[in-house]
2 protein chains.
Amino acid sequence: MIYNRTNFCYTPKTWAISQVPQNLSEVNVRMSETLSDKEISLTFMKGLQVLAVFDATNREMTISDIAKKTKLNRTVVRRLLLTLEMMNYVECRNRLYRLTPRILRLAGGFLQSREIGKYATPILTNYSRIIRESISFAMLDGDEAVYVAHSPGDPAMITMGFTVGSRLPLHATAIGRTLLSFVEQNKQQELLKSISPRAYTPCTLTDKEDIIESLKESASLGYCLVQDEFEEGVTSLGVPVQHESGTLIGALGIVGPNPRFSDKEILENKKELLVECAASIAAIL
Amino acid sequence: MIYNRTNFCYTPKTWAISQVPQNLSEVNVRMSETLSDKEISLTFMKGLQVLAVFDATNREMTISDIAKKTKLNRTVVRRLLLTLEMMNYVECRNRLYRLTPRILRLAGGFLQSREIGKYATPILTNYSRIIRESISFAMLDGDEAVYVAHSPGDPAMITMGFTVGSRLPLHATAIGRTLLSFVEQNKQQELLKSISPRAYTPCTLTDKEDIIESLKESASLGYCLVQDEFEEGVTSLGVPVQHESGTLIGALGIVGPNPRFSDKEILENKKELLVECAASIAAIL
DNA sequence: TTTTTATTGTCCGATTATCGAACATATGAT
DNA sequence: ATCATATGTTCGATAATCGGACAATAAAAA
């Protein structure tokens, strides 16, 4: 007998409530109310947590790293990583685990859907030629805007590193504020409650009243212009992509140094083209 | 007492071996040999299977659809889908489940990694301006080439619907054959064994000897040119992206109607620029 | 080198989360 | 109305997961 388990302690599903949703704001509140806890698969949740810790800044991690970040038991993380490795979603090079291109298979169904992959992207590219700006198509995900399609225009512009999958705050960017402005009212209320507006620059609107004011303005104008609020010297323009019914699908945005947007006429022209582009995309969705 | 379980039968882990890897060729053979089956998490595997059935052609499905496709028990699929729904990775609109933008969080760590998102994409865009062609960056995943970055050049070109996450066969495309040609020898052998070359057009090389011949030619030339083999009237050009050490990272490719590649000089020029682009990308990886 | 520290690998009993047949119900087509 | 199909729900059986404990290994410090 080698193992001497004196104070063996099996802590049961307590963590299931306290720990699984990485940040509570992300979990749809209505869901957690209606869905009873036993209807869900805890192991799968943990696995998804493990996958989700790989982000832009954490590209490769050790088992322990991931265990710390996810607050999961190390041996559990290990088993999940081995599972991922066996399925070729991750690879391990001297103890550092990283995602493989196989991971795109999980998102592939979304990215390559007819709507986005096949139709939206070409339209974006088309208009980016006309407007001579890099156009992004973002959708609402929790309290963030997510780029789901992107037409790189000016190479200098995308050096900021925004690509498909990039996430932006809703309150400080034009594309985000557009989403916030044109989303259905009750969702807007909910989001406004949940977000805590961080000041990216001294210009960032952090007071919720101010933000609401800006949203109202955008709603009446049909577009949103944000200057210096996410990055100083940078202006962004956003327009909504809506169904005929008015329901929000997403938003288009262009970004550039302030001077590009200073001329009223040019701005107006860009806006109109962007609106046209949004209509084209809405039409095929 | 309502329930009358006469012939209750609990079929245990038999499926774990027989059914989990959706197609066996995809599972790294060495893995399944070294990794014992109890070191992996079966529930997580099933969850990943469920996510993976969402692809370009199956964008929204019912629980039963997914159960059939994954060959998993319906109630199991249901539980997994509810888990995904609770975590906002899928949404359900009148019984049809579909992926949400949240899914990009799983792939985000890959797409936005410094290498690909921040550096590679701008370089691609840059060179696509110079070459005046849409350039794609693909990596090897199993027996397919996966687009991990893409610079849409000519809008007409990408109407084919290839975007990030798209998958191409290795044997019938230039970018795929480039990967196959420049990958390490034993991996090449392995892949050649596993693939069964489908004839996409009458021109497609389906005889493995012929393919090997073509691979050798590409290896000596340093690039790969494939005409009419994936789609008639279409030519594609591929060059490898390699570390200084020679290890393959991925491949760049451009695609277009045959006439674009017919002029020897223009072709040579495009090739050289593409090689240059590949070197730039290799340098920052 | 040796010591220390951190990370990883492995074991295996305890126990719970998962499984899935069975039944009930809802939906939709003919 | 009838049939067919999809979904919701239950609950006992049990197999998969959990995780503390220890060993082995690697990395860092003395």
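Please read all numbers here as calculations on a predicted model, not as lab measurements. In what follows, chains are A, B, ... by sequence order, proteins preceding strands, each numbered from 1.
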A:Asn73 has a side chain; which of D:dG19, C:dT7, C:dA22 sits nearest to it? D:dG19

Looking at A:Lys46, I'd like to know whether one of its side-chain N or O atoms comes within less than 4.0 Å of OP1 or OP2 on D:dT17. no

Do B:Ser136 and B:His150 have side-chain N/O donor and acceptor atoms under 3.5 Å apart? yes

I'd like to know if A:Arg95 reaches the base of C:dG9 with its side chain such that a donor and an acceptor end up less than 3.5 angstrom apart. no

Rounded distance (Å) that lies between atom P of C:dC11 and atom CG of A:Leu82: 13 Å

Check this one for me: any side-chain N or O of A:Thr43 less than 4.0 Å away from OP1 or OP2 of C:dA17? no

Protein-nucleotide distance (B:Leu81, atom CG; C:dT18, atom C1'), rounded to Å: 16 Å

Considering just the side-chain nitrogens and oxygens of B:Ser41, establish if one lies under 4.0 Å of OP1 or OP2 belonging to D:dA16. no

Indicate whether any N or O donor in one side chain lies under 3.5 Å from an N or O acceptor in the other, for A:Thr247 and A:Ser245. yes

Could you tell me the separation between the CD atom of A:Glu39 and the P atom of D:dT7, rounded to a whole number of Å? 15 Å

State whether B:Glu85 and B:Arg78 are salt-bridged, where the test is any N-O pair (Lys NZ or Arg NE/NH1/NH2 against Asp/Glu carboxylate O) under 4.0 Å. no

Whole-Å distance separating the OH atom of A:Tyr97 from the P atom of C:dT7: 15 Å

To the nearest angstrom, how far is B:Phe44 atom CZ from C:dA17 atom P? 18 Å

Roughly how many Å is it from CG in A:Leu80 to C1' in D:dA16, rounded to a whole number? 13 Å

With a non-hydrogen cut-off below 4.0 angstrom, is B:Thr62 in contact with a base, only sugar-phosphate, or nothing? sugar-phosphate

Rounded to whole Å, how long is the line connecting atom CZ of A:Arg78 with atom P of C:dT7? 16 Å

Nearest heavy-atom approach of A:Gln242 to A:Ile249 is C-CD1, 4.0 Å

Ignoring hydrogens, what is the shortest heavy-atom contact between B:Thr121 and A:Thr163? Give both atom names and the distance. OG1-CG2, 4.0 Å

For B:Leu170, the option from B:Leu192, B:Leu180, B:Thr178, B:Val183 that meets side chain to side chain contact (heavy atoms under 4.5 Å, CB included): B:Leu180

Looking at A:Arg105 and B:Asp55, is any side-chain nitrogen of the basic one under 4.0 Å from a carboxylate oxygen of the acidic one? no

D:dC18, OP1 or OP2 - any side-chain N/O from A:Arg79 closer than 4.0 Å? yes

In short, the helix from C:dT1-D:dA30 to C:dT30-D:dA1 is bent end to end, axes from five pairs each side, to 10°, by 50°

Give a yes/no on whether any side-chain N or O of A:Ser64 is located under 4.0 angstrom from OP1 or OP2 of C:dT8. yes

Ranking A:Asn94 and A:Val76 by the position along DNA chain D of their nearest nucleotide, the one closer to 5' is A:Val76

Please give, in whole Å, the distance from D:dT25 C1' to A:Arg74 CZ? 12 Å

